[in-house]
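Residues: numbered from 1 along the sequence shown.
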Amino acid sequence: MVSSGKTSLLCPRCRKLISADEPQCPHCGLRSPGSRWLSGFVWRLNSGSLDPIRILIYLNAAFYLLSLLLNLSGTRISSNPLALLSPSNSSLFSLGAAGAIPIAQYGRWWTLISASFLHGGILHIFFNMAALSQLGYFVLREYGFNRFILIYVASGIAGFLISSLVGVIFTIGASASLCGLIGAILFYGKSRGGFYGEAIYRQSLGWIVGLVIFGLLVPGINNWAHGGGLVAGILLGFFLGYEDQSEEKPLHQILGAGCIFLTALILFWAALHSLFAFFVS
């Protein structure tokens, strides 16, 4: 029991009640569990007091605006709605577009994460963020916070890695991560079964059919990233499990926190590096 007169908190890893001044959690061994940084932002995300879907949408919007501002003269204003307000390739490359050129030629492996936060036009980001607002909350509810983060980030990495390996030279967008969410929903519906599970399963199959048709009819769609993200989402759903099967484990929490910190570090570096290059050029 935590002694009176001391501030208590829930350990960010194991969620057990401990004293805030503990040098190490007595239950799971986490060092400095009362750290403001550790128990602040990540805990508020995990506890639901911050909305991770909204934060992702804000990050995508911020990087889209930044990609436009870095090279306003290169912004494309076209009668083609799919190319309306498209950032220049130089801005997208600087901020972390993925593909065979950035990765194979320049060794920019960190772009496997950053590319998910970049978009090629106003309609591109609008439809992706609309899809995130629909799919994200379902996966967040059924899989939990940490597994949602793992599925979103890892599916994006898988989609961009596969598309880069097969020779897609330049690629961006949140759609690989979104396909990962669809894959996780597909697995959830099939695994859960029953009337509700079957309804979810059929709906996710409909989304996949729509993605395939869209990818075949519209030029410039990275179908390899879509497929890679979808398969990754299914596999992650299988290996991580969802709330009805098991509660989130300490390993999920550690990996989820790792994904957050790595993504934040990469996005911070990409923005700082691009702004520095902009001001000194």
Side-chain angles (χ1 to χ4, degrees), residues 35-38 40-42 45 50 52 54-129 132 149 152-154 156-161 163-165 167-178 220 222 225 257-281:
S35 164
R36 175 175 294 185
W37 170 249
L38 185 62
F41 181 72
V42 173
L45 276 173
L50 287 178
R54 185 171 296 180
I55 290 173
L56 285 172
I57 292 174
Y58 289 161
L59 281 172
N60 278 273
F63 270 79
Y64 174 66
L65 291 175
L66 182 58
S67 68
L68 295 176
L69 294 173
L70 286 175
N71 188 2
L72 282 172
S73 62
T75 301
R76 295 183 289 276
I77 301 177
S78 171
S79 58
N80 179 1
L82 294 178
L84 181 62
L85 292 179
S86 298
S88 68
N89 286 339
S90 61
S91 294
L92 294 173
F93 179 85
S94 178
L95 285 169
I101 291 178
I103 293 175
Q105 294 189 21
Y106 292 90
R108 293 159 62 96
W109 289 96
W110 54 272
T111 62
L112 293 174
I113 289 180
S114 59
S116 292
F117 295 86
L118 301 174
H119 291 85
I122 189 67
L123 288 184
H124 189 198
I125 188 171
F126 174 79
F127 287 121
N128 273 352
M129 295 304 97
L132 175 58
I149 292 295
Y152 189 84
V153 174
I157 293 173
F160 288 128
L161 177 60
S163 63
S164 299
L165 291 175
V168 177
I169 61 174
F170 200 76
T171 182
I172 54 172
S175 53
S177 294
L178 295 173
N222 188 349
C259 284
I260 292 172
F261 289 131
L262 183 60
T263 300
L265 181 65
I266 287 173
L267 293 181
F268 177 76
W269 157 252
L272 188 65
H273 170 76
S274 299
L275 288 169
F276 178 79
F278 172 78
F279 284 112
V280 301
S281 62

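- Looking at residues two or more places apart in sequence or on another chain, you find no ring-ring contact (aromatic ring centres under 6.0 Å, His included) involving F170.
- A distance-only check finds a donor-acceptor pair linking the side chain of S88 to the backbone of S91 [under 3.5 Å].
- Rounding to the nearest 0.5 angstrom, the gap separating the CZ atom in F160 from the OG1 atom in T171 is 4.5 Å.
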Only distances under 3.5 Å count here; give the side-chain donor-acceptor pairs of residues 109-122 to other protein atoms, sequence neighbours excluded, each with its distance to 0.1 Å.
residue : atom : partner : partner atom : Å
T111    : OG1  : R108    : O            : 2.6
S114    : OG   : G96     : O            : 2.7
H119    : NE2  : N128    : ND2          : 3.2
H119    : NE2  : A174    : N            : 3.4

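- Applying the side-chain hydrogen bond (donor to acceptor under 3.5 Å, both in side chains) rule to S163 yields the partners N222; only residues at least two apart in sequence or on another chain are considered.
- Every pair tested for side chain to side chain donor-acceptor pair (under 3.5 Å) that includes a residue from residues 55-65 fails, sequence neighbours excluded, so the list is empty.
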Just distance, no hydrogens or angles: give the donor-acceptor pairs under 3.5 Å from side chains in residues 258-273, sequence neighbours left out.
residue : atom : partner : partner atom : Å
T263    : OG1  : C259    : O            : 2.7

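- Atoms CD1 and CG, on I103 and L165 in that order, are 8.0 Å from each other to the nearest 0.5 Å.
- To the nearest 0.5 Å, atom CG of residue L59 and atom CE of residue M129 are 10.0 Å apart.
- Closest of all the heavy-atom pairs between A176 and G159 is CB-CA, 4.2 Å.
- Remark: L275 engages L66, L70, F279 in a side-chain contact (heavy atoms from CB on, under 4.5 Å) (not counting sequence neighbours).
- With rounding to the nearest 0.5 angstrom, the CG atom of L85 is 11.5 Å from the CD1 atom of I125.
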